[in-house]
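Structure first, commentary second.
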Amino acid sequence: MALITGASQGLGLHIARLYAQRGVGLILTARGREQLDQAAHELAQTTDVVALPGDVADPMHAERLVATGLRYFGHIDVLINNASELGPSPMPQLETLRAPDLERILQVNVVAPLRLIQLVLPGMRSRGDGLIVNVTSDAGVQAYPTWGGYGSSKAALEHLSRVLAAELEGTGVRVFVVDPGDMNTAMHQAAEPGIDLSQLPTPDAVAPAFVELLDNRTSPFGRFEAQRLVSAPA
Ligand SMILES: NC(=O)c1ccc[n+]([C@@H]2O[C@H](COP(=O)([O-])OP(=O)(O)OC[C@H]3O[C@@H](n4cnc5c(N)ncnc54)[C@H](OP(=O)(O)O)[C@@H]3O)[C@@H](O)[C@H]2O)c1
């Protein structure tokens with residue numbers, strides 16, 4: 001089964017839809033209860049779904065998610081750390097980024113993913129198999145003005161993933177970093193208020209890359225650009 005954070009809309013929901021079609025059981029979370037319930041109701045037509053509303057940055061919610069997943073499914077095979085915090089919109093330059101805003105970004109985008117990883121790892125280690133996917137961004141690699149808070153959190157998540165993979169070498173647990181590329185979603189609209197994003201790909205065009213990763217056993221670590229993965233010839 002797969003635990004997917006930020007699964008009520010955008011990329012997370014589209015990954016969940018494709019995993020459901022593969023018969024993967026799902027444990028899903030997002031903060032907004034109504035939208036998460038709608039997603040769970042739709043997906044439950046296709047697979048077993050548990051949906052728990054809450055904030056991934058809340059340690060008690062993280063524990064509840066994993067405990068519920070284990071109780072319901074017996075094991076967690078895949079963790080997709082997809083939920084993310086952009087920070088204030090419009091995004092300020094670093095010169096004026098408030099410390100509490102940066103702390104919140106880091107809590108959601110770095111601390112929360114690591115906490116979930118720490119909660120699922122014992123089971124993955126003992127089964128000698130598991131897949132952890134951390135969703136990052138080119139903003140974690142390139143220096144775009146005003147993207148410093150979010151971008152530095154994604155850079156931290158990427159490096160954390162690299163070190164984790166080195167620490168897990170030989171355990172059978174794979175750690176992948178995925179940059180989905182620009183998509184027309186609520187988060188991107190908040191990042192660029194007033195800009196027409198209708199020419200960008202929608203997340204349904206990107207989500208198939210995450211299905212390919214389920215079967216990718218070529219390396220225990222990988223950094224993927226999802227839009228290249230889905231457009232690459234088979
Ligand atoms: N869109 C892009 O162009 C783009 C580019 C590069 C990388 N990414 C990355 O792709 C991933 C998905 O982004 P998206 O564009 O699909 O975003 P989105 O459409 O805005 O969806 C974000 C999802 O995460 C949930 N979420 C946000 N904060 C949360 C929290 N603290 N706890 C639990 N759930 C939370 C949201 O629901 P609630 O608000 O109800 O909690 C929603 O389900 C993110 O990691 C993002 O950084 C996106």
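For the single chain, residues carry numbers from 1 onward in sequence order. Atoms within a ligand are numbered from 1 in the order they appear, just like the ligands themselves.
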| task | Would you confirm whether the ring centroid of F176 sits within less than 6.0 angstrom of the ring centroid of F221? | result | no
| request: Share the residues that join V230 in a hydrophobic cluster, the rule being Ile, Leu, Val, Met, Phe, Trp or Tyr side chains under 4.5 Å apart at the heavy-atom level. | output: none
| request: For ligand 1, would you mind listing the residues that have at least one heavy atom less than 4.0 Å away, ordered by chain and number? | output: G6, A7, S8, Q9, G10, L11, A30, R31, G32, G54, D55, V56, N82, A83, S84, R104, V108, V135, T136, S137, Y150, K154, P180, G181, D182, M183, T185, A186, M187, H188
| message | Could you check whether any side-chain heavy atom of V56 comes within less than 4.5 Å of a side-chain heavy atom of V108, counting everything from C-beta outward? | response | yes
| said: Looking at D58 and R115, is there a salt bridge between them, counting it only when a charged N and a carboxylate O are closer than 4.0 Å? | reply: no
| message | I'd like to know if E158 and R162 make a salt bridge, using a cut-off of under 4.0 Å between side-chain N and carboxylate O. | response | yes
| query | Got a salt bridge between R228 and D179, using NZ or NE/NH1/NH2 to carboxylate O under 4.0 Å? | reply | no
